[in-house]
Amino acid sequence: MTPDSLKDYRDKRDFGITPEPAGRESVTSQEPIFVIQKHAARRLHYDFRLEVDGVLKSWAIPKGPSTDPQDKRLAVPTEDHPLAYAGFEGVIPAGEYGAGTVMVWDTGVFRNLTEKKGEAIPLGQAVAQGHLKVWLKGRKLKGGYALTRFKTGKDESWLLVKADDGEADPCRTPVADEPQSVLTGRTIEEIAGEEG
Ligand code: MN
């Protein structure tokens, strides 16, 4: 973990106002974790976060993840988040960065499957090189997913695609049909009503 990997995250937030974690404590887990947070900000999106080298590498996915290998979902990188963010559900007050309601849509652990010519590629290196493959063990999402960068620079963009494996299911539409939090069972509207 580079010392200032979370600087962007902290610079954008006033922890006296937002209920989000400052994430100064270090957290370690046996297996790396992932989380997908539904975020009703100015524009609704899903934040896909993977534990890499002590932080959560993050991408915002406007349409959310799919279980259909035919679907390519746009994923736009955002700043690294602290590991503690994986348990965050609540309301970011109006006027603050990312204002809106956050719900833990799915979470679990994962395995890094990234390889090149039969050799395993560490995840930090895979992110830097613009291609990674992981096996998710979530409550809603399972199996292989690939994230691939297709545009660099100011508008850096990636695609999230379900691998065509035994966990693929073109008939499922989890974003639409499974809208509740895996932590609390609440919908994003219920969280907004209770904590807003
Ligand atoms: Mn977000």
Side-chain angles (χ1 to χ4, degrees), residues 4-24 27 32-66 71-108 110 127 132 134 136 138-141 145 147-151 153-161 174-176 178-184 186-196:
D4 62 350
S5 173
L6 295 173
K7 187 176 184 303
D8 272 6
Y9 175 84
R10 295 191 184 106
D11 285 351
K12 289 176 174 177
R13 292 168 175 82
D14 181 343
F15 295 107
I17 301 176
T18 181
E20 295 165 290
R24 290 175 201 281
V27 185
I33 58 165
F34 81 94
V35 64
I36 299 173
Q37 281 155 318
K38 184 175 181 179
H39 186 183
R42 203 163 21 164
R43 272 189 178 169
L44 180 75
H45 61 272
Y46 291 75
D47 289 298
F48 183 50
R49 312 189 196 280
L50 291 172
E51 179 180 351
V52 181
D53 300 335
V55 296
L56 294 172
K57 289 283 169 194
S58 300
W59 292 261
I61 304 177
K63 288 180 155 180
S66 173
D71 287 338
K72 294 178 171 63
R73 294 289 159 91
L74 177 68
V76 179
T78 59
E79 77 275 19
D80 293 351
H81 280 50
L83 288 186
Y85 208 92
F88 175 69
E89 195 166 88
V91 177
I92 302 168
E96 297 305 297
Y97 179 74
T101 309
V102 176
M103 187 192 86
V104 177
W105 184 78
D106 196 17
T107 191
F110 72 92
V127 172
L132 62 91
V134 290
L136 301 182
R139 299 266 297 277
K140 293 173 180 167
L141 299 187
Y145 278 83
L147 261 170
T148 307
R149 185 168 58 208
F150 69 96
K151 211 161 137 198
K154 192 167 65 71
D155 301 318
E156 184 175 326
S157 307
W158 296 53
L159 290 174
L160 177 71
V161 182
V175 162
E178 298 163 49
Q180 277 138 338
S181 163
V182 295
L183 283 193
T184 62
R186 297 180 294 178
T187 62
I188 203 145
E189 293 79 11
E190 286 167 339
I191 296 165
E194 286 168 23
E195 300 191 23

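On a predicted model such as this, the values are computed, not experimentally measured, just so you know. Remember, it's 1-based here, ligands and their atoms both numbered in the order they're listed.
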Residues in side-chain hydrogen bond (donor to acceptor under 3.5 Å, both in side chains) with Thr107, at least two apart?
-> none
Using a strict 4.0 Å threshold on nitrogen-to-oxygen distance, state whether Lys12 and Glu20 make a salt bridge.
-> no
Give the total of protein N/O/S atoms at a distance below 2.8 Å from the Mn ion (ligand 1).
-> 3
Going through the checks in order, is the side chain to side chain contact (heavy atoms under 4.5 Å, CB included) test met by Glu51 and Leu56?
-> CA-CA 5 Å; Glu51 179 180 351; Leu56 294 172; 4.2 Å; yes
Please check if the side chain of Glu194 supplies one atom and the backbone of Arg186 the other of a donor-acceptor pair under 3.5 Å.
-> no
Distance (rounded to the nearest 0.5 Å) between Leu6 CG and Asp11 CG = 10.5 Å
Under 3.5 Å: donor-acceptor pair, side chain of Trp105, backbone of Glu178 | yes
